[in-house]
2 protein chains.
Amino acid sequence: MTAIVEPVARLIEALSRLPGIGPKSAQRLTYHLLRAPEAEARSLAAALVAVRDEVVFCDVCFNISTGPECPICLDPARDASRLCVVEEPLDVLALERSGAYRGRYHVLHGAISPMDGIGPDRLRIRELLGRVADQEREGAPFVEVVLATNPTLEGEATAMYLAERLTGHVGSVTRIARGIPVGGDLEYADEVTLVRALQGRRELEVAGER
Amino acid sequence: MTAIVEPVARLIEALSRLPGIGPKSAQRLTYHLLRAPEAEARSLAAALVAVRDEVVFCDVCFNISTGPECPICLDPARDASRLCVVEEPLDVLALERSGAYRGRYHVLHGAISPMDGIGPDRLRIRELLGRVADQEREGAPFVEVVLATNPTLEGEATAMYLAERLTGHVGSVTRIARGIPVGGDLEYADEVTLVRALQGRRELEVAGER
C-alpha cells in the first residue's frame, strides 16, 4: 500500500502485537503518537527501555523490583511470619491497594495448567517450598500461608496442589474467600460462585451482643 | 505505594496517557512488556522513536510521509485532476484500502468545531484553497473535489464551509454518500441516517434494459 510509510507501518505492527490491541486501535494509537507532543512519544519509548533495563524480579518473592530484593521483602514493618501466594505481580498490586494485608508475598508467575503444558516446575513453586523449608529449619515456620491464586480452574488446582505440600510445614494454610463481589447482584451470579458464597457464610456479629 | 517500583510506575503512567488505554489496561500492558521477549519491548521503543524521527507531513497534501512529498502526491499514475478532502491521515488509509479512488488527497487534520475552539484557521484549509487557486491560475482547475469529511456535525459543517469556498473554482464539488452501511440493518439505523439514505437513493439499473 503506497499510502502508508514504513516507520508508521512498523509502529502499527509493534503496537498491534500487544495484548488487547487490535489493528484498528494500533492505527489510532500510532496517529495519536504522530500528532502528540514530541515529548510524549519519547517518554513512552524511554519508559519502555527503562522497564527492561532497570526492572528485575525479586530474588526472594519474584515480585517486580529494581534491586535484588523488592521493597516489600526489605520492609521491616511487614509481618515476615505470613506469606501470601499469588499468580502475578499485578495481584500483589491489587492486594496492596486493598491495604488489608501486611505480610510478605510469593509470586508464582502463573498457575498450574496441564492444558497449556504448565506444570509445577514451570512456576516459582520450588522456591516457595524452599522458603517454607528454610523457615521451618530455623525453628520459625510461617504462621500462615494465604493462597491467593485466582478462583479459576487453574488457580484452584494450584491452591490445592500447594495446600497439600504446605500443610504440616506452616502454622495454617488459608484460601481467600470466593463469593458475590461487593456491589454485585445475586441474580447474575453463576452457580459455582453462589455455592462458594454459601459455603463461606459466616455468623453475623450483632453489635452489642458480645 | 511500596509495591510498585519506579520504572514500572512510569511506564504504566506513560501508557495510560494514550487514548483508549485506561489505568487497568496500562498495568496489563506493562506486565506483558516486562515478561515478553526483550526484543518486543525494544522494537516497540525503537518504532516509537523512528516514527517521530522519520515521519513528517507531506508539504502538498499533509498526509504522513517520510519525505517532503508523500508517495501519493509523487505517484504519476494518480489522477491529479481530482482531490479528496479528508479530516485525518487514517481516512486516507481507509479510502486507499477501498481501492475506489485514484485521485489525490488533502488532509485537513481535523474538522471545524466552534465548541472546541477549532476554526478554519486551525486546519489546513488555507493550503487547500491555495492548491485550488494554483490549479485555476494554471488554467487547469480541479475536475472534482470530493468532500470526504466524517458525517458528523463537525464534518458536515466543514464540508458546507468548503463547498461554499470551492464552488466556481473547481469543476464540481461532491460529498460522499451517507446511508445504511453495507451489512447494516435498517431496523437499527438512526433517523438521520435513514433520511440521508432516502435522499441519496438512486435508480436501479436493471441488467438488459439499457
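These figures come from a predicted structure and were not determined experimentally.
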Which of residues 35-54 of chain A have a heavy atom under 4.5 Å from any heavy atom of chain B? Arg35(A), Ala36(A), Pro37(A), Glu38(A), Glu40(A), Ala41(A), Arg42(A), Ser43(A), Leu44(A), Ala45(A), Ala47(A), Leu48(A), Val49(A), Ala50(A), Val51(A), Arg52(A), Asp53(A), Glu54(A)

Within residues 105-126 of chain A, residues adjacent to chain B where the heavy-atom gap is under 4.5 Å: His109(A)

May I ask you to test the Cys70(A)-Val5(B) pair for a side-chain heavy-atom distance under 4.5 Å? no

Can you tell me if CD on Glu191(A) sees more than 12 non-hydrogen neighbours from other groups inside 6.0 Å? no

Take a 6.0 Å sphere around CD1 of Ile180(B) and say whether it holds more than 12 heavy atoms from other residues, nucleotides or ligands. yes

Interface moiety of Leu33(B) toward chain A, non-hydrogen atoms closer than 4.5 Å: both

Within this structure, what is the CD1-OH distance for the pair Ile64(A) and Tyr31(B), rounded to the nearest 0.5 Å? 3.0 Å

Side chain, backbone, both or neither: which part of Glu13(B) has a non-hydrogen atom closer than 4.5 Å to chain A? neither

Identify which part of Ile21(B) has an atom lying under 4.5 Å from any heavy atom of chain A, answering side chain, backbone, both or neither. side chain

Looking at chain A, which one of Leu95(B), Leu29(B), Thr30(B), Leu15(B) has the largest number of heavy-atom pairs inside 4.5 Å, strictly under? Leu29(B)

Return the option, out of Gln27(B), Glu88(B), Arg10(B), with the maximum number of heavy-atom pairs under 4.5 Å with chain A. Gln27(B)

Over 12 foreign heavy atoms within 6.0 Å of CG, Leu153(B): no

Side chain / backbone / both / neither for Leu90(A) at chain B, heavy atoms under 4.5 Å: both

Find out whether His32(B) and Leu18(A) are in side-chain contact, i.e. whether some heavy atom of one side chain is under 4.5 Å from a heavy atom of the other. yes

